[in-house]
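Data block below; observations after.
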Amino acid sequence: MPNTQSNTVSKTPASVLLAAIPSVDRVLNMAATQDLIVEYGRMPVLTAIRAMLTELRDQVTRLDIAPPDILTEPAINSYLQSRLQRASRPTLRPVYNLTGTVLHTNLGRAQLPDVAIQAVIDAMTRPCNLEYDLDGGSRGDRDSLIEPLLLELTGAEAATVVNNNAAAVFLALNTLGLRREVIVSRGELVEIGGSFRVPDIMSRAGCKLKEVGATNRTHLKDYAESVSSKTALLLKVHTSNYAIQGFTATVAEKDLADLAHEHGLPFMVDLGSGTLADLKKLGLPSEPSPQESLASGADLVTFSGDKLLGGPQAGIIIGRRDFIARIKKNPLKRALRVDKMTYAALDAVLRLYRDPERLTQNLPTLRLLTRSVMEIDSMAKILLPVMEQALAGHAKVAIKPCHSQIGSGSLPIDLLPSMCLSITPHVRGRGEGSALKKIEQAFRSLPVPVLGRITDGAFCLDLRCLEEKYVNEFIVQLGQLSIIA
Ligand SMILES: *Cc1c(COP(=O)(O)O)cnc(C)c1O
């Protein structure tokens, strides 16, 4: 009877298997469980035990099997241990952004400088003068914490801050254009990150979108012909995350400002990723700055705090004093305002701009963007043997030149030369794609997940954003890399 053995195992009655599952109390009283209680607390351990027992009973009744080894004391303990470890891990975790996109919206955009982090800690730990005028001893305005600095750096008359740039655009449109028309070039009706669409923001802000021109070409006369008594303002959106190349025409900010002012209308610019630094001087491709838009005659300029500026998530609105005053009186300002942590971080970051010589040293975003290929390459050389060892038997590793992107909508065509570790699975042809995905997944499953990008049959880790101070941690955790064959 060759089959009896397996038949007996699978045909053990469920009732017998169920009876073998220990009670909550028995697991609770195991010596190893007591240690877990000391580490994690009684309630979390109890929750984990109940979840484990439910899972076991479920297996027995549904599948008619009870893997016998799970019922031993060490097995129960290691199950609980890993369950408790997972449950106690924060959901928002650090990752390695080796995707090659420096300001990655899905990975939290700008990394803040230490001075900003310290300022946030102070603001969170102790009471602060968020809305308190220490000179006059009376109620203050939270915008006055950063307004003088913004004016100093941009030359604007007034400034205010909201939750992000989408909120800045929304609030400005709602304040100046409610129930009236806003003229925008058809070529600028961008969608950013799948959720910021100019037409949608416009309609929610209560404005009527008046599109002018064609997708690739818009001329000054297109704007001029659309101005009417219903016009509230002219808007220019910096089409940062895509570029139409070839037969194109856009109208200069100066011309639009002049046209708007001839009709007594405001001209607003949504810059998206406005930079306060002179990127050309830093050897980076140039990006429009809020200062330039103001100098061209813009009455309001909006930009993000956590894109090229390198600060916390925020939307900054600068421009004419009377318009900013109206924006601040809009009841929606209260709904879109930022908290003390944002002011603390933004203030610290803006202060760094007073010292342009040391900006690339002090501001992580610019430090990463200006990192030299040579520096990145020397890191690649250190990592190559370690990586080869971690992937032995699975994949080949090589140092290859690649291009990083600024990200968050900036400069889609101008790429930054960089270096990557290019990982190609040994499996070629059929099964290659899935082998590649398994490698990608293994890196993603590390304690500090490593995120790269798959291009041309290789998993690429662009090392531009691997900072010196994390290299050691990076190498150590590679020992835990496990690729499921
Ligand atoms: C990024 C961007 C926005 C949205 O800014 P958030 O800070 O992400 O809200 C709006 N307009 C433009 C042109 C952008 O590039």
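For ligands, and for the atoms within them, numbers begin at 1 and follow the listed sequence. If you read the sequence from its start, that first residue is 1, and numbering goes on from there.
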Check ligand 1 against [X] and write out every atom of the ligand that is under 4.0 Å from a heavy-atom position of the residue.
X: Ala166; result: 4 (C), 5 (O), 6 (P), 9 (O)
X: Lys307; result: 1 (C), 2 (C), 3 (C), 5 (O), 14 (C), 15 (O)
X: Ser304; result: 5 (O), 6 (P), 7 (O)
X: Arg109; result: 6 (P), 7 (O), 8 (O)
X: His238; result: 13 (C)

Looking only at atom types and distance, does a side-chain atom of Arg444 sit under 3.5 Å from a main-chain N or O of Gly452, one as donor and one as acceptor? no
Counterpart residues, salt bridge (Lys or Arg N to Asp or Glu O under 4.0 Å), relative to Asp141 (two or more places apart): Lys328
Sorted by chain and residue number, the salt bridge (Lys or Arg N to Asp or Glu O under 4.0 Å) partners of Arg142 (sequence neighbours excluded) come out as Glu131
Working for side-chain hydrogen bond (donor to acceptor under 3.5 Å, both in side chains), residues Asp122 and Gln118: CA-CA 6 Å; Asp122 289 342; Gln118 190 53 53; 3.2 Å; yes
Would you call the rings of Phe459 and Phe443 parallel, tilted or perpendicular if under 30° counts as parallel and over 60° as perpendicular? tilted
Under 3.5 Å: N/O of Asn165 near N/O of ligand 1: yes
Asn174 vs Asn330, side-chain hydrogen bond (donor to acceptor under 3.5 Å, both in side chains): CA-CA, chis, key distance, verdict: CA-CA 8 Å; Asn174 178 267; Asn330 188 328; 2.8 Å; yes
Could a heavy atom of Asp270 be found less than 4.0 Å from some atom of ligand 1? yes
